[in-house]
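The structure under discussion appears below in the form of structure tokens.
Note: hydrogens, waters and symmetry copies are ignored here, and every other heavy atom, side chains too, is used.
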Amino acid sequence: MFVMPRAGTPNQSWRDVLDEVRELASRTGTGRTKLLRKLDELEATVANEIDTLDDARRRRVVGPRARVRAATYTVEESRRGPALIEIRPGAAARPYKVPLPYYRAVAAEVASTAEPQLFATIKAAASRGLGEELPDYAARVSLRFWSASGLVDHEGARFTRVGTKAEFTRRVRDVWKNASSAPFEVHPG
């Protein structure tokens with residue numbers, strides 16, 4: 001709850017201050033009913049605004065995922081077979097490598113529903129389907145790749161496939177194949 005300081009007294013909530021104004025207004029004669037009605041409207045408006053701000057705060061994405069960053073995606077051979085590689089220019093860290101079985105497990109989970117899903121839900125279900133714990137980066141890299149390719153909508157903290165299950169599954173295979181033959185570059189902005 002938002003607390004509004006008042007000079008000379010301990011902090012009071014905005015509702016307490018509004019109740020005090022209501023009490024004072026109820027003691028006046030002329031226009032009392034109209035004033036009390038306007039105070040009720042003010043309370044409803046302020047409460048609605050606070051609820052809207054709280055809801056927006058809950059939906060806000062925390063961390064650097066809020067903006068698009070430059071990256072290059074390619075498919076190369078790795079110790080675990082073919083893997084989707086994410087390379088970020090200027091990054092000191094080594095490239096992320098997502099082996100094909102991890103890529104497929106995440107794709108199967110995203111394809112399974114047209115409803116928006118949280119990252120944790122996708123990762124947990126992909127891990128169950130894989131029969132082993134999926135590393136966070138494997139799901140994140142796949143989702144970023146699909147988002148940049150237009151296969152996944154990323155809004156707030158939720159991911160939604162674009163198109164039907166069959167279309168999404170086909171396009172996931174196609175972008176993998178394309179990244180095998182030529183790097184896919186994502187430019188910010």
Side-chain angles (χ1 to χ4, degrees), residues 50-189:
I50 289 172
D51 290 345
T52 300
L53 291 171
D54 285 344
D55 190 41
R57 189 177 306 116
R58 278 191 297 275
R59 285 188 309 225
R60 187 176 351 171
V61 175
V62 177
R65 293 182 301 272
R67 62 181 175 84
V68 173
R69 289 193 255 162
T72 301
Y73 296 93
T74 185
V75 172
E76 300 173 3
E77 281 299 319
S78 72
R79 286 185 297 118
R80 298 185 77 180
L84 175 66
I85 314 292
E86 179 187 67
I87 303 163
R88 295 196 176 258
R94 294 188 338 218
Y96 289 110
K97 296 181 181 183
V98 181
L100 183 56
Y102 289 177
Y103 181 87
R104 286 181 175 157
V106 176
E109 179 50 31
V110 173
S112 71
T113 181
E115 297 300 313
Q117 299 183 78
L118 293 169
F119 171 80
T121 305
I122 294 168
K123 181 183 175 275
S127 294
R128 281 192 304 277
L130 201 58
E132 66 179 272
E133 185 64 23
L134 184 73
D136 279 359
Y137 75 85
R140 289 196 195 286
V141 168
S142 298
L143 289 165
R144 283 194 296 256
F145 178 54
W146 299 330
S147 182
S149 300
L151 279 69
V152 167
D153 284 331
H154 179 195
E155 188 171 325
R158 289 172 166 60
F159 300 88
T160 312
R161 74 169 193 241
V162 173
T164 65
K165 181 177 181 176
E167 291 168 337
F168 175 78
T169 303
R170 179 184 48 76
R171 291 183 67 205
V172 162
R173 280 192 309 265
D174 291 347
V175 295
W176 175 278
K177 188 176 176 182
N178 292 342
S180 298
S181 51
F184 176 78
E185 294 185 18
V186 178
H187 301 284

Any pair counted as ring pair (Phe, Tyr, Trp, His ring centres under 6.0 Å), so long as it reaches residues 160-179, sequence neighbours left out = Tyr103-Trp176, Trp146-Phe168
Of all heavy-atom pairs between Ala148 and Val186, which one has the smallest distance, and what is that distance?
-> CB-CG2, 3.5 Å
Are Tyr137 and Glu86 close enough, and set up right, to give a side chain to side chain contact (heavy atoms under 4.5 Å, CB included), and what steps lead you there?
-> CA-CA 10 Å; Tyr137 75 85; Glu86 179 187 67; over 6 Å; no
Quick one: CZ on Arg170 to CD on Glu167, what's the gap to the nearest 0.5 Å?
-> 6.5 Å
Intermediate values then yes/no, side chain to side chain contact (heavy atoms under 4.5 Å, CB included), Phe159 and Ile122 = CA-CA 9 Å; Phe159 300 88; Ile122 294 168; 3.9 Å; yes
Under the 3.5 angstrom rule, does the side chain of Arg161 hit a backbone N or O of Thr113 as a donor-acceptor pair?
-> yes
Expected output: side-chain Lys123 to main-chain Leu134 donor-acceptor under 3.5 Å | yes
Is the side chain of Gln117 donor-acceptor paired with the backbone N or O of Glu109 at a distance under 3.5 Å, no angle test?
-> yes
Which atom of Leu118 lies closest to which atom of Ala157, heavy atoms considered = CD2-O, 3.5 Å
Glu132 side chain near Tyr102 side chain, heavy-atom distance below 4.5 Å = yes
Is the shortest heavy-atom distance from the side chain of Val75 to the side chain of Leu100 under 4.5 Å?
-> no
With no hydrogens and no angle check, do the side chains of Tyr96 and Arg140 hold a donor and an acceptor under 3.5 Å apart?
-> no
CZ of Arg94 to CD1 of Ile87: how many Å apart, nearest 0.5 Å?
-> 13.0 Å
Between Leu130 and Pro101, the two heavy atoms sitting closest are CD1-O, 3.7 Å
Is Thr169 reaching over with its side chain to a backbone N or O of Lys165, donor-acceptor style, under 3.5 angstrom?
-> yes
Minimum heavy-atom distance between Thr74 and Ala179, given as atom pair plus value = OG1-O, 3.4 Å
CD1 (Ile85) and CZ (Phe184) are apart, to the nearest 0.5 Å, by 16.0 Å
Sub-3.5 Å donor-acceptor pair from the side chain of Ser78 to the main-chain atoms of Arg80, do we have one?
-> yes
Taking only residues two or more places apart in sequence, or in another chain, which ones meet Phe119 in a ring pair (Phe, Tyr, Trp, His ring centres under 6.0 Å)?
-> none
Closest non-hydrogen atom pair, Val172 against Ala107 | CG1-CB, 3.8 Å
Show your reasoning for whether side chain to side chain contact (heavy atoms under 4.5 Å, CB included) applies to Val162 and Arg171.
-> CA-CA 10 Å; Val162 173; Arg171 291 183 67 205; 4.2 Å; yes
Check Arg88 against Ala70 and note the closest heavy-atom contact, atom names and distance.
-> NH1-O, 3.7 Å
